[in-house]
Structure formats: structure tokens, C-alpha cells
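Here the structure comes first, spelled out in C-alpha cells, and everything after it is commentary.
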Amino acid sequence: MAKAHRDYHPAKHTAAPRARATHRRVEIPKDAEQLELKLSGREVKLTNLKKLFWPELKITKRDLLQYYADVSSVLLPHLQDRAMVMKRYPNGAAGEFFFMKRAPSPRPAWIELCSIEHGSGNIIDFPIIQDLAALLWVINLGCIDLNQWYARCDDVDRPDYLHFDLDPVPGAKFEQVLETALAVREALDSLGMPSYPKTTGSKGIHIYVPILRGPTQKQIWTIAKEIAHVLASANPQLITAIYKVANRPKGRVLVDYNQNAWGRTLASIYSVRPTPKACVSTPVKWKEIEKGIKIDDFRIDNVRKRIEKLGDLWNPLLDKRKRFDLQPYLK
DNA sequence: GGTACAA
DNA sequence: TTGTACCAACGCATT
DNA sequence: AATGCG
Ligand SMILES: [Mn+2]
Ligand SMILES: [Mn+2]
């Protein structure tokens with residue numbers, strides 16, 4: 001394999017034979033402490049099912065697994081073919097966490113891998129979450145939210161989207177995040193870029209733009225940076241794009257373009273977050289942002305009902321067509 | 001959450 | 001048998 | 001070259 005450098009990161013996708021049936025509702029029993037589930041012929045062992053992941057809310061690890069099983073049909077397409085960074089909370093939402101990139105062993109033979117060479121020469125075998133069995137396997141490891149790469153495994157330096165990560169600087173209220181989101185949409189509209197918002201489930205909003213695959217992550221970063229700085233200068237009382245924390249004016253909303261970088265990730269759509277109320281990163285309509293929403297309107301206990309009603313509002317992010325062509329904007 | 005290894 | 005360590009790492013900006 | 005940042 002050729003050596004990795006800034007704009008070239010070889011990767012190899014190790015795929016097992018596919019068994020990707022869409023499932024009827026999978027029901028995880030409430031009375032078992034551990035069990036093995038057989039899903040399309042794949043056995044996955046689920047453990048510590050009665051452990052309280054949110055003690056105050058009486059939400060168990062079993063309940064978290066059940067949530068992910070229930071949303072899997074809308075979630076899995078967004079994870080397809082992407083390396084997954086695991087953020088593991090074996091002792092629940094308030095417990096300590098650690099990041100893990102290598103798919104741990106032993107593991108089921110059907111866990112697919114994305115082997116990515118890093119600039120340092122390190123080669124890391126990330127897991128890819130391709131089906132319900134793999135999803136439950138990774139949640140059982142203690143993952144609460146899911147953090148997948150922006151680029152698919154067959155070309156890990158050419159992402160499928162550009163995004164803006166809106167973070168309130170201390171002192172800023174969520175209303176300002178909403179206002180900033182609308183300003184970002186307006187700027188993207190004027191460039192002809194389609195844009196889709198979701199709550200992060202934590203404190204901010206993510207806005208994604210589906211793009212035609214082609215530009216490198218670095219080129220996408222450059223464009224996002226330009227847009228963020230234009231927005232900040234046009235709305236200096238509301239928005240900042242300053243990278244250094246100490247120089248960042250208080251009470252503004254950071255339009256963080258810096259996450260558009262190789263090997264970085266954000267919490268995925270439909271991820272439960274390790275917050276006190278078990279909030280979920282939830283796609284919303286621009287109309288809802290205009291009307292006003294709150295982060296904790298969307299939680300592990302009510303998002304399933306919303307999905308039943310609205311389907312996957314981010315389905316356009318998966319569309320092969322109707323993706324924005326950044327080519328004319330590349331330097 | 002699960003393994004490896006030391007005590 | 002129990003206890004503890006381990007489990008990631010990029011690249012750009014600033015200094 | 002080392003540190004800060006997310
Ligand atoms: Mn954020
Ligand atoms: Mn951020």
C-alpha cells in the first residue's frame with residue numbers, strides 16, 4: 001500500500017457476506033440479565049441488561065438497546081460503509097468513558113472492518129455497523145452515541161457532506177443557536193446549497209449539506225471555514241468563528257467549521273446522548289427551527305413516536321442525486 | 001465491557 | 001481470586 | 001518545535 005499523506009489515506013474494507021434483511025420489531029426481554037439474540041443468522045450476546053445507564057430515569061442498558069433496535073431502519077443507512085469511532089460508557093451515562101478505534105477482539109466474525117492507514121503509519125481496523133446485529137453489538141460494548149466517519153470506507157478522504165457544528169459559547173442561550181442556524185441556512189441558500197438541521201442532543205445544532213463526492217476533506221474544510229468567517233463578520237453580535245477559546249467573545253454562537261477534518265467525527269443522527277435527560281440527536285424541519293424548539297424536546301422516550309409519524313427527515317442526505325457540486329468553489 | 005497480566 | 005491497566009489521534013492555528 | 005483546540 002502506498003504511503004499515507006495529507007490528501008491520501010488508503011483504506012481497505014473487509015466485508016463479510018451480507019445478510020441485510022429488514023427486521024420486524026425485535027423485542028429484548030425485560031427480565032433477563034443477559035441473552036443471545038439470533039438476527040438473520042447472526043448471534044449477538046447482550047450483557048448487563050439490567051444495569052442502570054440513567055439511574056434517575058430508571059433507563060437500563062436493555063432500554064438503550066431496545067431504542068436502537070427500534071430506530072435501526074432509519075439509522076443504519078446513515079452508518080452504512082463508514083468507519084465507526086466507539087465512545088464507550090460501560091458504567092452508564094454519568095460514568096467514565098473512553099474512546100476506542102480498533103474493533104475489540106474477540107468479536108463476531110461478521111463484524112465488517114475498515115482498515116485505515118494514518119499518516120503516522122498506524123493502521124487501524126475500525127468496525128463498520130452494517131446491520132442490526134452489528135448495531136446491538138456496538139451498543140452492548142457500552143456505546144451510547146455513535147460517531148461515524150464523514151467519508152465512506154472506499155475513499156476515506158472524500159466525504160459525502162459538509163457540515164457546520166453550532167456550539168453556544170458560555171453565556172449564549174439556545175434561542176441564539178436557533179437564530180444562528182437560520183443565518184447559516186440563509187447563507188447556504190444563497191449559494192444554492194441544500195441544508196438539513198438536527199439537534200445534537202447536547203447543546204447545539206448540526207447543519208449538513210449533502211455534496212457530490214469528489215473534493216478532499218481539506219478542500220471541504222477550506223470552504224466551510226470561508227462560509228463561517230463570512231457569517232461571523234456579517235453577524236458579529238451573534239456569531240463567532242474564532243478558534244481560540246480565550247479570544248472567543250462570550251455569549252455568541254460558535255460556527256465550528258473545524259470538525260470538517262480527516263478522521264474527526266460528530267455524534268450521528270438518532271444518537272442518544274449521555275445527558276441527564278437522555279436526549280437524542282434529532283433531525284428537525286427548518287419550520288420547527290423558526291417556530292422554536294428545545295434540545296430536550298427530543299429524548300429516548302419520545303423520538304420513536306416522532307419517527308413513526310415523520311419518517312427519516314434526513315433521507316435527502318442519503319440521496320445519490322440532488323447533491324451539491326462543490327467543484328466550482330475549489331481553489 | 002472485556003481481556004491480560006500481576007500480585 | 002482479586003485488582004488494575006488498557007482501550008485514539010488528526011491537522012491547523014497560535015506561540 | 002511545542003501546545004491548544006475540538
Ligand atoms: Mn457541537
Ligand atoms: Mn464543536
Side-chain angles (χ1 to χ4, degrees), chain A residues 4-11 33-36 44-53 60-62 64-65 83-93 95-108 111 114-127 136-151 156-157 159 163-170 200 202-204 206 216-226 228-229 232 240-248 253-267 273-274 331:
Chain A
H5 56 79
R6 199 209 309 301
D7 293 336
Y8 179 71
H9 300 273
E33 177 60 12
Q34 57 173 254
L35 58 88
E36 266 180 38
V44 59
K45 186 181 179 192
L46 307 178
T47 59
N48 300 297
L49 293 171
K50 293 180 177 171
K51 187 184 272 194
L52 285 165
F53 265 36
T60 62
K61 192 179 175 208
R62 178 260 167 207
L64 181 66
L65 286 156
M84 179 68 67
V85 176
M86 293 159 282
K87 188 178 183 189
R88 298 179 57 183
Y89 298 77
N91 294 302
E96 291 203 338
F97 68 85
F98 60 96
F99 288 101
M100 187 177 290
K101 295 192 171 183
R102 291 181 173 82
S105 296
R107 61 174 174 271
I111 293 293
C114 182
S115 181
I116 302 179
E117 181 172 350
H118 289 58
S120 57
N122 261 355
I123 297 177
I124 296 191
D125 290 335
F126 295 78
L136 297 184
W137 170 77
V138 81
I139 300 305
N140 187 65
L141 288 174
C143 296
I144 293 179
D145 51 28
L146 299 166
N147 298 264
Q148 81 275 35
W149 281 48
Y150 314 134
V156 292
D157 198 30
H163 67 81
F164 296 92
D165 170 25
L166 277 49
D167 296 325
V169 173
T200 65
S202 178
K203 293 186 161 156
H206 292 153
T216 63
Q217 183 68 80
K218 176 69 186 299
Q219 293 175 307
I220 292 165
W221 176 85
T222 305
I223 291 168
K225 178 184 180 181
E226 278 174 17
H229 277 117
T240 179
I242 295 173
Y243 144 90
K244 199 174 155 69
V245 172
N247 298 346
R248 219 174 264 165
V253 176
L254 173 67
V255 175
D256 184 359
Y257 56 87
N258 251 325
Q259 286 306 321
N260 290 278
W262 188 86
R264 272 192 209 169
T265 60
L266 293 173
R273 306 306 303 278
K331 294 263 164 27

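The figures that follow rest on heavy atoms only: side chains count, while hydrogens, waters and symmetry mates do not. All chains are named by letter (A, B, ...) in the order of the sequence lines, taking the proteins before the strands, and each is independently numbered beginning at 1.
Taking side-chain N and O atoms only, A:Asn122 has no distance below 4.0 Å to OP1 or OP2 of C:dC10. For A:Arg88, no side-chain nitrogen or oxygen approaches OP1 or OP2 of C:dC7 to under 4.0 Å. Distances shorter than 4.0 Å separate none of the side-chain N or O atoms of A:Arg102 from OP1 or OP2 on B:dG2.
Here the side chain of A:Asn48 is nearest to one of C:dC7, B:dG2, C:dA9, namely B:dG2. For A:Phe98, the listed nucleotide lying nearest its side chain is C:dC7; candidates were C:dA8, C:dC7, B:dG2. The A:Thr47 side chain lies nearest to B:dG2 when the options are D:dC5, C:dA8, B:dG2. Here the nucleotide nearest the side chain of A:Pro106, chosen from D:dC5, B:dT3, C:dA9, is B:dT3. Side-chain proximity of A:His118 to C:dC10, B:dT3, C:dA8: nearest is C:dC10.
Shown here is A:Glu96, whose CD atom has no more than 12 heavy atoms of other residues, nucleotides or ligands within 6.0 Å.
Looking at heavy-atom distances under 4.0 Å, A:Arg248 makes contact with sugar-phosphate atoms alone, never a base. Across all strands shown, A:Phe53 has heavy atoms under 4.0 Å from sugar-phosphate atoms exclusively, and none from any base. Looking at heavy-atom distances under 4.0 Å, A:Lys87 makes no contact with the nucleic acid at all.
We find that A:Asp145 and A:Arg273 are joined by a salt bridge, their nearest charged nitrogen and carboxylate oxygen being less than 4.0 Å apart.
By the side-chain hydrogen bond (donor to acceptor under 3.5 Å, both in side chains) test, A:Arg107 is found to be paired with A:Ser105, residues two or more places apart in sequence or in another chain being considered. Applying the ring-ring contact (aromatic ring centres under 6.0 Å, His included) test to A:Tyr89 and every residue at least two apart in sequence or in another chain returns A:Phe97. Evaluation of the side-chain hydrogen bond (donor to acceptor under 3.5 Å, both in side chains) rule for A:Trp137 yields no partner, not counting sequence neighbours. Residues meeting the side-chain hydrogen bond (donor to acceptor under 3.5 Å, both in side chains) test with A:Glu226, sequence neighbours left out: A:Lys331. Residues satisfying the side-chain hydrogen bond (donor to acceptor under 3.5 Å, both in side chains) criterion with A:Asn122, sequence neighbours excluded, are absent altogether.
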What protein N or O atoms touch nucleotides 13-15 of chain C N or O atoms at under 3.5 angstrom, if any, and at what distances?
residue	atom	partner	partner atom	Å
C:dA13	OP1	A:Lys225	NZ	2.8

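If you take CD of A:Glu96 and C1' of C:dT4, they are 13 Å apart, rounded to a whole angstrom. In this entry the distance linking OH of A:Tyr89 with P of B:dG2 reads 18 Å, nearest Å. What separates NZ of A:Lys101 from P of C:dC10 is a distance of 7 Å, to the nearest Å. Protein atom CG of A:Asn91 is 15 Å distant from nucleotide atom P of C:dT4, rounded to whole Å.
Atom name P, nucleotides B:dA4 and C:dA8: the rounded distance is 15 Å, in whole Å.
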